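Just below is one structure, and these are the notes that go with it.
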Amino acid sequence: MLLRGVISAPLPPCLNFGQVRVPTFPRKLSVASSSPYGGDYPLSVSDAALESRGFLLRRGAEGLDLEELNAVFVAVGFPRRDPEKIRLALEHTQAVLWVEHRRTQRPVAFARATGDGVFNAIIWDVVVDPSFQGIGLGKAVIERLLKELLGRGISNIALYSEPRVLGFYRPLGFIADPDGIRGMVYSKRQNKIK
């Protein structure tokens, strides 16, 4: 289901990535209610609170092991992806946020956003390792991603969601498209013309 929120500096240019460990900006989010891009989206849990629980918030793809991210994708039911294709997708992604479990140094939550940098953004690949679900990591990632996009002046933020997790996104400000627009996807299957 397509969900849309009117939620809203140009985005950084595509980043050049080298190998499977993808380098980008080496920044962690710092103060709970601030973002390098501004935005007036409230955060329900501070970075310090997450760090005290053993989690580090990461912005950008530096240090993100794509095989470990792939393991999280598979654990939540996504198909296994070619790491090179993940790298290319991240190269064309304007915002990446993920949570690292400090003890294991592995990603346990992840989300990214693509868009035109002016009007529209789409949030993709929101995942939380099943062993870490229900403790606020997904919410922390989405709140910070929204804050960053809003701070950049993005006026239309959308995401695709499975019906079973719609309840997760509604309290974060997402609603079914208020204009009644239904998303469509391209399918290679051809309908038989009779």
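Note that the coordinates shown come from a computational prediction; the quantities given were computed from them, not determined experimentally.
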**Asked** Does a side-chain heavy-atom distance below 4.5 Å link I135 with R53?
**Response** yes
**Prompt:** Mind checking what makes ring pair (Phe, Tyr, Trp, His ring centres under 6.0 Å) contact with F132, not counting sequence neighbours?
**Reply:** F55, H101
**Message:** For a 4.5 angstrom cut-off between non-hydrogen side-chain atoms, does E91 reach L88?
**Reply:** yes
**Request:** Report the distance from atom CG of L56 to atom CZ of R102, rounding to the nearest 0.5 Å.
**Result:** 5.0 Å
**Item:** F174 side chain reached by L166 side chain, heavy atoms, under 4.5 Å
**Value:** no
**Item:** Sidechain N-carboxylate O distance under 4.0 Å for R80, E67
**Value:** yes
**Message:** Quick check: do I123 and L145 have side-chain heavy atoms less than 4.5 Å from each other?
**Reply:** yes
**Request:** For the pair W98 (side chain) and V141 (backbone), establish whether a donor and an acceptor sit closer than 3.5 Å, ignoring hydrogens and angles.
**Result:** no
**Message:** Could you check whether any side-chain heavy atom of L66 comes within less than 4.5 Å of a side-chain heavy atom of R87, counting everything from C-beta outward?
**Reply:** yes
**Prompt:** Pairs in or reaching into residues 135-157: which pass ring-ring contact (aromatic ring centres under 6.0 Å, His included), with residues at least two apart or in two chains?
**Reply:** none
**Request:** Just jot down the side chain to side chain contact (heavy atoms under 4.5 Å, CB included) partners of Q133, sequence neighbours excluded, or say none.
**Result:** V76, V128, P130
**Asked** Would you call R144-D47 a salt bridge at under 4.0 Å N-O?
**Response** yes
**Request:** Going by the side chain to side chain contact (heavy atoms under 4.5 Å, CB included) test, name the single residue among V45, V108, V127 that passes it with L137.
**Result:** V108
**Message:** Side chains of R106 and E100, heavy atoms from C-beta outward: is any pair under 4.5 Å?
**Reply:** no
**Request:** Using atom types as modelled and distance alone, determine if a side-chain donor or acceptor of N70 lies under 3.5 Å from a backbone N or O of R81.
**Result:** yes
**Message:** What I'd like to find out is whether the side chain of Q94 reaches to under 4.5 Å of the side chain of T114, using heavy atoms alone.
**Reply:** yes
**Item:** Distance in Å, I86 CD1 paired with T93 OG1, rounded so as to fall on 0.5 Å steps
**Value:** 11.0 Å
**Message:** Quick check: do L57 and L97 have side-chain heavy atoms less than 4.5 Å from each other?
**Reply:** no
**Asked** For the hydrophobic clusters of this structure (ILVMFWY residues joined by side-chain heavy atoms under 4.5 Å, transitively), does one cluster hold both V165 and V126?
**Response** yes
